[in-house]
Novice: 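Below you will find the structure I want to go over with you.
We count ligands from 1, going down the list as the structure has it; atoms in each ligand are counted the same way.
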Amino acid sequence: MRIKTLILGAGAAGMMCAARAGGDCLVVDHAKAPGEKIRISGGGRCNFTNMYAAPENYLSQNPHFCKSAMARYTQWDFIELVTRHGIAWHEKTLGQLFCDDSARQIVTMLVKELRDAGADLWLQTSVVDVSHGSDGFTVRLEREGKPVTVTAQNLVLATGGKSIPKMGATGLAYEIATQFGLHVLDTRPGLVPFTFGADRFKPLAGVSVPARISNAEASFDEALLFTHRGLSGPAVLQISSYWREGEEIAVHLLPDVDLFVALREQRQQSGRKDLTTELARHLPTRLVEDLAADGSLKGRLADQSDAALQALCDRLKDWRLKPTGTEGYRTAEVTLGGIDTDALSSRSMEAKAMPGLYAIGEAVDVTGWLGGYNFQWAWASGHAAGTAI
Ligand code: FDA
């Protein structure tokens with residue numbers, strides 16, 4: 001079978017690409033259903049974009065690479081598409097847009113868009129091997145157990161990253177890119193919970209608190225969640241993408257509260273109150289108990305000198321923690337690194353040294369923050385390649 005364009009991967013980027021590339025285009029995926037990550041994303045409501053998405057919200061060895069595609073397909077373009085399909089949506093927080101009803105609506109919308117454009121979609125189809133010759137790309141597939149060979153002028157790598165292998169994630173895009181001489185940067189899990197040894201935070205599992213979490217590269221003000229195995233919650237997932245093994249993170253609890261002023265006031269008004277009782281007005285009780293376990297938070301408010309209160313506040317402002325690791329690809333929302341952007345045109349996502357080969361979405365070394373940024377990159381890069389094709 002001979003076609004113009006073969007897209008590997010019917011995820012966010014692949015389907016968007018097919019919707020733009022149109023007729024004589026086939027999308028294949030080994031899964032039973034398209035867009036499985038879309039379906040489970042955002043707790044089943046899909047955080048499909050972010051109103052504030054901008055190149056600053058992405059990690060890449062070349063931070064300029066994403067600019068062109070993102071400027072030519074913005075969050076407003078995707079919002080227009082969603083609205084045109086009658087999908088109701090709302091802003092949850094920090095510009096994060098979610099479906100009112102179900103993430104399935106986004107999958108249905110993309111499948112309709114690609115079919116309306118004349119593209120075809122084959123599921124339960126795996127890739128046996130890929131080669132390139134004077135005819136273009138020859139891809140041997142196995143469709144529902146039967147061999148099929150497809151020759152295509154364009155081959156689009158849209159099989160995503162390594163995150164959540166249980167959902168069908170594979171390193172196929174990296175393998176094919178390497179086969180055709182494209183450089184692939186080391187990958188690591190991003191937007192992933194931290195683990196700590198020896199059940200460090202087990203007694204606090206389930207406790208959530210506003211925090212600012214920073215390292216030398218970045219800082220995020222969002223919720224911190226203690227878990228049975230370590231730390232999670234939006235602030236932790238965000239900083240995890242900037243974290244390297246062996247590094248410390250700095251946790252500033254209650255970044256929006258001037259705790260020193262609040263404690264001093266209370267000392268004046270209710271000096272007989274226990275320090276821990278007062279602290280529990282600001283922080284979850286179980287966290288206060290954990291912080292007091294070393295005997296450092298003793299006595300009534302009236303017993304605390306300014307220096308003691310300041311020392312306590314300094315401790316809560318700069319709590320240094322060294323994760324032992326992360327939960328890895330098993331639960332990571334994204335994969336950092338991947339196909340080196342140096343190998344690709346930022347306008348079309350086409351490989352500079354291999355005309356007709358394209359790479360889009362998470363497989364490329366562009367990784368967004370938590371909050372709808374990763375889907376926006378998938379839409380923008382898919383659109384860029386689909387339009388160029
Ligand atoms: P994607 O992973 O979507 O698609 C790749 C496709 O290729 C899949 O359909 C897969 O089956 C197929 N495939 C893989 N290997 C193959 C092979 N060997 N042969 C054939 N097919 C193969 N982002 C965001 O912006 N907002 C959010 O709310 C969330 N939420 C979220 C929750 C969870 C649990 C996860 C894991 C991730 C998110 N994300 C997110 C991230 C987001 O899902 C991700 O960045 C995009 O789906 C990436 O789009 P791609 O199309 O590049 O890959």
Side-chain angles (χ1 to χ4, degrees), residues 6-18 27-50 53 57-58 75 78 89 92 94-99 103 106-107 110-111 121-130 139-143 156-176 189-193 234 237 241 327-336 338-339 349 358-383 385-386:
L6 176 62
I7 302 176
L8 306 182
M15 287 197 282
M16 175 56 92
C17 181
V27 191
V28 300
D29 200 296
H30 63 175
K32 279 191 186 145
E36 279 295 86
K37 275 194 187 163
I38 301 173
R39 183 181 60 80
I40 61 149
S41 68
R45 292 236 157 87
C46 185
N47 177 192
F48 56 78
T49 193
N50 193 294
N57 307 116
Y58 294 84
Q75 53 273 49
F78 195 76
W89 52 270
K92 200 167 171 191
L94 302 169
Q96 299 168 7
L97 305 189
F98 288 75
C99 299
I106 300 288
V107 181
L110 292 166
V111 172
L121 170 63
W122 291 359
L123 298 167
Q124 293 179 283
T125 302
S126 53
V127 177
V128 179
D129 59 33
V130 181
V139 183
R140 288 202 301 145
L141 301 167
E142 207 172 274
R143 187 186 187 195
V156 184
L157 308 180
T159 52
K162 294 180 183 171
S163 311
I164 325 229
K166 253 191 175 170
M167 290 194 66
T170 66
L172 183 68
Y174 311 132
E175 287 161 30
I176 299 175
L191 301 180
V192 63
L237 300 183
S241 295
E327 293 283 3
Y329 292 118
R330 190 177 61 82
T331 64
E333 278 200 15
V334 283
T335 303
L336 291 146
I339 299 172
M349 307 290 136
Y358 295 77
I360 55 177
E362 201 179 314
V364 177
D365 171 38
V366 174
T367 306
W369 288 3
L370 183 78
Y373 299 98
N374 284 294
F375 279 137
Q376 188 56 39
W377 168 246
W379 316 137
S381 58
H383 184 273

Novice: Quick one: nearest non-hydrogen protein atom to atom 34 (C) of ligand 1, plus distance?
Specialist: I40 CD1, 3.5 Å

Novice: Below a 4.0 angstrom heavy-atom separation, can you tell me which part of Y373, side chain or backbone, both or neither, approaches ligand 1?
Specialist: backbone

Novice: Any atoms of ligand 1 less than 4.0 Å from a non-hydrogen atom of G361? List them with their elements.
Specialist: 52 (O)

Novice: So L94 and Q96, do their side chains get closer than 4.5 Å, heavy atoms only?
Specialist: yes

Novice: What is the closest protein heavy atom to atom 47 (O) of ligand 1, and at what distance does it sit?
Specialist: F375 CE2, 3.4 Å

Novice: I'd like to know whether ligand 1 has G372 as a neighbour, heavy-atom separation below 4.0 Å.
Specialist: yes

Novice: Would you mind running through ligand 1 and noting each atom that sits below 4.0 Å from a heavy atom of G42?
Specialist: 28 (O), 30 (N)

Novice: My understanding is that we take every heavy atom of each candidate and find the minimum distance to atom 53 (O) of ligand 1. Doing that for G161, G171, G160, A13, which one comes out nearest?
Specialist: G160

Novice: Based purely on interatomic distance, does T170 place a nitrogen or oxygen under 3.5 Å from a nitrogen or oxygen of ligand 1?
Specialist: yes

Novice: Atom 30 (N) of ligand 1: which protein heavy atom is closest, and how many Å away?
Specialist: S41 CB, 3.3 Å

Novice: Run the ring-centre check on W377 versus Y373 and record whether the distance is less than 6.0 Å.
Specialist: no

Novice: Residue-level breakdown please: for L191 versus ligand 1, do any non-hydrogen atoms fall below 4.0 Å on the side chain, on the backbone, on both, or on neither?
Specialist: neither

Novice: Can you list the atoms of ligand 1 that are under 4.0 Å from a heavy atom of A158?
Specialist: 5 (C), 6 (C), 7 (O)

Novice: Among protein heavy atoms, which sits nearest to atom 2 (O) of ligand 1, and what does the distance come to when rounded to 0.1 Å?
Specialist: K37 CD, 3.6 Å

Novice: Look at atom 11 (O) of ligand 1 and say which protein heavy atom is nearest, naming residue and atom and giving the distance to 0.1 Å.
Specialist: D29 OD1, 2.7 Å

Novice: Are the side chain of T159 and the backbone N or O of G9 linked by a donor-acceptor pair below 3.5 Å?
Specialist: no

Novice: To the nearest 0.5 Å, tell me how far D365 CG sits from T335 OG1.
Specialist: 11.5 Å

Novice: How far is atom 3 (O) of ligand 1 from its nearest protein heavy atom, and which residue and atom name does that atom have?
Specialist: A12 N, 3.5 Å

Novice: Out of N374, L172, T159, indicate the one that has the non-hydrogen atom closest to atom 5 (C) of ligand 1.
Specialist: T159

Novice: Could you go through residues 27-35 and list every donor-acceptor pair under 3.5 Å that involves a side-chain atom there, pairing it with any protein atom two or more places apart or in another chain?
Specialist:
| residue | atom | partner | partner atom | Å |
| --- | --- | --- | --- | --- |
| D29 | OD1 | A31 | N | 2.8 |
| D29 | OD2 | A10 | N | 2.6 |
| H30 | NE2 | G168 | O | 2.9 |

Novice: Hey, is the main chain of F98 close enough, under 3.5 Å, to the side chain of N47 for a donor-acceptor pair?
Specialist: no

Novice: Considering only non-hydrogen protein atoms, determine which one is nearest to atom 52 (O) of ligand 1 and report residue, atom name and distance to 0.1 Å.
Specialist: E362 N, 2.8 Å

Novice: Tell me the protein heavy atom at minimum distance from atom 4 (O) of ligand 1, and give that distance in Å.
Specialist: G11 CA, 3.3 Å

Novice: Taking all atoms of both residues into account, what is the closest heavy-atom pair of L123 and T125, and its distance?
Specialist: O-OG1, 2.8 Å

Novice: Should one rank H30, E333, E175 by closest heavy-atom distance to atom 35 (C) of ligand 1, which comes out on top?
Specialist: E333

Novice: Can you confirm, on distance only, whether ligand 1 has an N/O atom lying under 3.5 Å from any N/O atom belonging to N47?
Specialist: yes

Novice: Checking R330 now: which residues fulfil salt bridge (charged side-chain N to carboxylate O under 4.0 Å, His left out) with it, not counting sequence neighbours?
Specialist: E327

Novice: Within the structure provided, determine whether V334 and E362 are in side-chain contact (heavy-atom separation under 4.5 Å).
Specialist: yes

Novice: Side chain of Q75, backbone of A53: donor and acceptor closer than 3.5 Å?
Specialist: yes

Novice: Enumerate the atoms of ligand 1 whose separation from the nearest heavy atom of G9 is less than 4.0 angstrom.
Specialist: 6 (C), 7 (O)

Novice: For E333 and L370: C-alpha separation, side-chain torsions, deciding distance, then whether side-chain contact (heavy atoms from CB on, under 4.5 Å) applies.
Specialist: CA-CA 9 Å; E333 278 200 15; L370 183 78; 3.6 Å; yes

Novice: Check for a donor-acceptor pair, side chain of N374 on one end and backbone N or O of Q376 on the other, with a separation under 3.5 Å.
Specialist: no

